[in-house]
Amino acid sequence: MQESASEEQIQQVIEHLVNIGFEVHRSTGARQTVLGAVGARSDFDIRNLELLAGVQEVHRISAPYKLAGRSFRPEGTIVKFANGLEIGGNGVVVMAGPCSVESREQLFATAEAVAKAGARVLRGGAFKPRSSPYSFQGMGEDGLKLMREAGERFGMLVISEVMEISQIPLMLPYLDIFQVGARNMQNFNLLRELGKVRKPVLLKRGISATFEELLLSAEYIMSGGNYEVILCERGIRTFETYTRNTMDISAIPIIKKLSHLPMTADPSHGTGRRDKVAPMARAAVAAGADALLIEVHCAPDKALSDGAQSLYPEQFSKLMGEIRMIAPAVGRKVA
Ligand code: PEP
Ligand code: MN
């Protein structure tokens, strides 16, 4: 309460808190009164209180997300797959592949190269969220079929982006992990539907999303009963234009502290530049990432999407060698 708050104003605030279900603990100091409100109202909007007469400031102590918060599972979540792969355990999992599935030849050449270098999950978009409606929109179900076939041929799990609810049943048989893109991080209807699915979901941070917003989006999926959520930092929008996005490496240790969910880094979208992908991938592993999501293309100059940020297979293979050295320095290994 403000120093100038009257006893009447203090009583009005207490009454207000009690009426909405809080238990109030009052601490009367020499100059100021502090009111502690204890209760289970996680949906409470603190701005309503800030407007009451005599109130100086209001701070939320407990996080508004419950299932995604670290205290829900302090030991951390490990997402386990039938082939024995684990995301969130000691091994750092590398997911790699093209931005988009473009053709059988392109996908298989890229998949073979990334598998050989040590990728455990094949990435590739079949439905693409493009900024322009005139850009390549993806191969759809044909692309998913190719993803499944390439994943099986080269011994990798498969991840691909789901853009809307109607695609979920179509994609289910082809995928091991659903990817929710940055643009859909707050597509709450889609998140709710993915809460009903029993397959892991990799949820990317929106381009201007706060950590709290990211974790509340994870909460949407988890509150539906799907606890296998993997988070991903993929760069945020800042004033800097040199890179496509600003890769927020600090998101990795921060999310690892706030949440028990595994954390992925996508340095490809995080920088938008091929020459900056490896340094940011190395930094992400050093910062504690549980997984990396990296765009690789067999011929980046011919790519139909995100060619400039796609690694050549040789660059990817070199990067794998580097992170195999970095991981042990932070008590990890590459899965
Ligand atoms: C992608 O992974 O190709 C993609 C579109 O990512 P984002 O949603 O992070 O832009
Ligand atoms: Mn891409």
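In each ligand, atom 1 is the first atom listed, and ligand 1 is the first ligand listed. Count residues from 1 along the sequence.
The closest approach of Asp306 to the Mn ion (ligand 2), by N/O/S atoms, is made by OD2. The nearest N/O/S atom of Glu295 to the Mn ion (ligand 2) is OE2.
A salt bridge does not link Glu50 to Arg60: none of the charged nitrogens lies less than 4.0 Å from a carboxylate oxygen. Using a 4.0 Å cut-off between a side-chain N of Lys or Arg and a carboxylate O of Asp or Glu, Asp306 and Arg244 qualify as a salt bridge. For Arg234 and Asp248, the salt-bridge test fails: no basic side-chain N is under 4.0 Å from an acidic carboxylate O. Glu112 and Lys116 are not joined by a salt bridge, as no carboxylate oxygen comes within less than 4.0 angstrom of a charged side-chain nitrogen. Note on Lys318 versus Glu314: no salt bridge recorded, every NZ/NE/NH1/NH2 to OD/OE distance being 4.0 Å or above. Under a 4.0 Å N-O distance rule, the pair Asp266/Lys204 qualifies as a salt bridge.
Here the shortest heavy-atom pairing between Leu215 and Leu258 reads CD1-CB, 3.9 Å.
Those atoms of ligand 1 that come under 4.0 Å of a heavy atom in Gly181, given as number and element, are 8 (O).
Annotation: atom 8 (O) of ligand 1 to nearest protein heavy atom, Ala182 N, 2.8 Å. When hydrogens are left out, the protein atom nearest atom 6 (O) of ligand 1 is Lys204 NZ, 2.9 Å; that is the closest non-hydrogen contact. Shortest contact from atom 4 (C) of ligand 1 to any protein heavy atom: His269 NE2, 3.4 Å.
Within the structure, the closest approach of Cys99 to ligand 1 falls below 4.0 Å when heavy atoms are considered.
Every N/O-N/O distance between Leu293 and ligand 1 stays at or above 3.5 Å. Geometrically, ligand 1 and Glu161 share no nitrogen or oxygen pair separated by less than 3.5 Å. For ligand 1, the polar-atom distance check finds no N/O of Asp266 at less than 3.5 Å from any of the ligand's N/O atoms. Residue Arg234 has at least one N or O atom closer than 3.5 Å to an N or O atom of ligand 1.
With hydrogens and angles disregarded, no donor-acceptor distance shorter than 3.5 Å links the side chain of Ser100 to the backbone of Glu102.
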